[in-house]
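Read through the structure below, which is laid out as C-alpha cells, and then see the notes.
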Number of protein chains: 2
Amino acid sequence: MDRKQEILEAASKSFSLFGYKATTMEQVAKLANVGKGTIYTFFANKEILLQEIVLKMILEMKAEVEVEIDPTLPFRDNAHRVLMKILQFREVHQLYAKLVEEEKELRTPAVKIMLERVESEIVSYIAEKFDIAIGKKELRECDSELVAYLLYKAYIAFVADWGQTHEKELTEDQIASLFQNTIFRGLLP
Amino acid sequence: MDRKQEILEAASKSFSLFGYKATTMEQVAKLANVGKGTIYTFFANKEILLQEIVLKMILEMKAEVEVEIDPTLPFRDNAHRVLMKILQFREVHQLYAKLVEEEKELRTPAVKIMLERVESEIVSYIAEKFDIAIGKKELRECDSELVAYLLYKAYIAFVADWGQTHEKELTEDQIASLFQNTIFRGLLP
DNA sequence: AGATGACTGAAAATGTTTTCTGGTCAATTT
DNA sequence: AAATTGACCAGAAAACATTTTCAGTCATCT
C-alpha cells in the first residue's frame, strides 16, 4: 500500500469536506492510517500538501474540459463550452468549490495563493487555444494572454457575480449569445 | 448658516478621511458644530446619512464624466474615455476610494450596499449611452444592460484586478486597443 | 532507516470585563 | 411652539485574560 497515495487521498477528502483551515494534519494522518510524522516525510508542510492536490485537480480539470472540445465546431462555440465547463467545475468539484468558499469567507492566505495559481493556469490554457485558432486563421491576430484574461473575467462576471446583485439569473443561452455578439464577433478575421 | 448642509459636509469629510465605521455621529456633530440630536432631525440614521452623501457623489461623478464626452469622436473612444474616467474617479475621489477600501478590508454591510448602488448607477448610465448610440445606428442592436455590465466588469478587471496578479501594469493604450479590437469591434453595425 | 506520537510554542478560540457609540428623549434654548 | 441639545441607555464592540488547538519537531521505537 502506497503511503504517499493514501495521504494524498485522505487529505484531498478532508480538504474537500472541511476546507483547508479546518482540516488538521492529525485528522489527515488518522484518515490515511499513518502517524502524523509520516506525512512530513512526503510533504514539507501543510501548504505543500494542498499544492500537490490542487496540481492534480488542475490536470483533472484540463482532462474534463478537453472532452468538451469538438473540432468540427467553430472556435467560439468551443470557447463557450470550455469556459462554461470550467466555471461549472468551479461550482461542482467539491475541492474547488470549498476553496473558493474559504477564500471568500475566511481569506486563508494559502488558499488565496492556490486559487491564483489555478486562475493563472486556466488563463494560460485558454490563451493556448487562442494561439492555435489564430495560427489556423480562425481568429484575427491579437494578444492571446490579454484576450484570454478578458474572456475569463467576463465569464466569471456573468456566471458568478451577476446573480449576486440581480433578481433573475441569466440562462446559458443568454450568456452564449451575448459573448457571441460582442467579443467573439470582434475576434473574427 | 444651513445646518443640514453643515452636517452633510462634516459627515462627508469624516467618511472620506476615516471611513464609515470609524466616523462616529458625535464626531460629525462636533465637526458640524451642532448637537448630536440635531443630525437625527435631518437624517433618520447613520446609513441614510451615508446614502445622501453617496447620492451626491454619483451626481458629481456623472458631471465629471459627461465632460469627457466629445460628440465628434466615435462611440468607442467616448466609451473608453468614460470608463477610464469612472475607474480613475474610483481611485482618486477620497470618499469613493475609502469606501472601496472599507468594503474590501472591513466588509461593512452598509458600505457594501452603497457600493452596489453606485455600481448599478454606473452600469445604467453606460447602458443609456449604448441605447443612444444604438438609436443613431452607431452600434448594432443588443441588450444594452448586459453589454454595459460586461464592459464595466471587463474594465474593472484590467484596471483594478490585473495589477494584483501581474508584474507589469498595463498602459491605458494597451487597454484601449484591447477593447477596441474585441468588444467594440464586435458591436459595430 | 522509516515510522511514530508525545511534546512545544505560537496562534486561535473562548470567556469575561470594560469601553464605546448609535439612537432617544426630557430638558433647554430660540 | 419649534428647534436644539447632550445626558442617558442598551447593545455592540473592543480589550484583556485564559484555555484550547494545532503545525511542525524529534527522541524513541520497530
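Here the structure is a predicted model, which is why all the values come from computation and not from measurement. Below, read A as the first sequence line, B as the second, and so on, with proteins coming before strands; counting in each chain starts at 1.
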To the nearest Å, give me how far apart CD (B/Glu6) and P (D/dT4) are. 12 Å

Does the ring centre of B/His80 sit less than 6.0 Å away from the ring centre of B/Tyr155? yes

5'-most contact on DNA chain C: B/Thr38 or A/Gly35, nearest heavy atom basis? A/Gly35

Ionic contact status for A/Lys112 with A/Glu103, cut-off 4.0 Å: no

Just the rounded figure in Å: distance from P of D/dG11 to NZ of B/Lys46. 19 Å

On the ring face of B/Tyr20, is B/Lys46 found with NZ or CZ under 6.0 Å from the centre and within 45° of the axis? yes

Taking NZ, NE, NH1 and NH2 as the nitrogens, is one of them in B/Lys21 or B/Glu102 under 4.0 Å from a carboxylate oxygen of the other? no

Just how far, in rounded Å, is C1' of D/dT5 from CE of B/Met25? 15 Å

I need the OH-C1' distance between A/Tyr40 and C/dC7, as an integer number of Å. 14 Å

Taking CD from B/Glu26 and C1' from D/dG6, how many angstroms apart are they, rounded to a whole number? 8 Å

Give the rounded distance in Å between these two atoms: CD1 of B/Ile7 and C1' of D/dT4. 11 Å

Relative to the 5' end of DNA chain C, which residue comes earlier, A/Phe42 or B/Gly37, by the nucleotide with the nearest heavy atom? A/Phe42

Does C/dA13 have its OP1 or OP2 closer than 4.0 Å to a side-chain nitrogen or oxygen of A/Lys21? yes

Are any of B/Arg3's side-chain N or O atoms less than 4.0 Å away from OP1 or OP2 of D/dA2? no

Could you tell me the separation between the CG atom of A/Asn33 and the P atom of C/dG2, rounded to a whole number of Å? 21 Å

Can you tell me the distance, in whole Å, between the CG atom of B/Leu49 and the P atom of C/dT21? 16 Å

Residue met sooner reading DNA chain D from 5', once B/Ile39 and A/Thr23 are mapped to nucleotides: B/Ile39

Students often get this wrong, so: under 4.0 angstrom with heavy atoms, is A/Lys36 touching a base, only sugar-phosphate, or nothing? base

Any Lys/Arg nitrogen of B/Glu9 or B/Lys4 sitting under 4.0 Å from an Asp/Glu carboxylate oxygen of the other? no

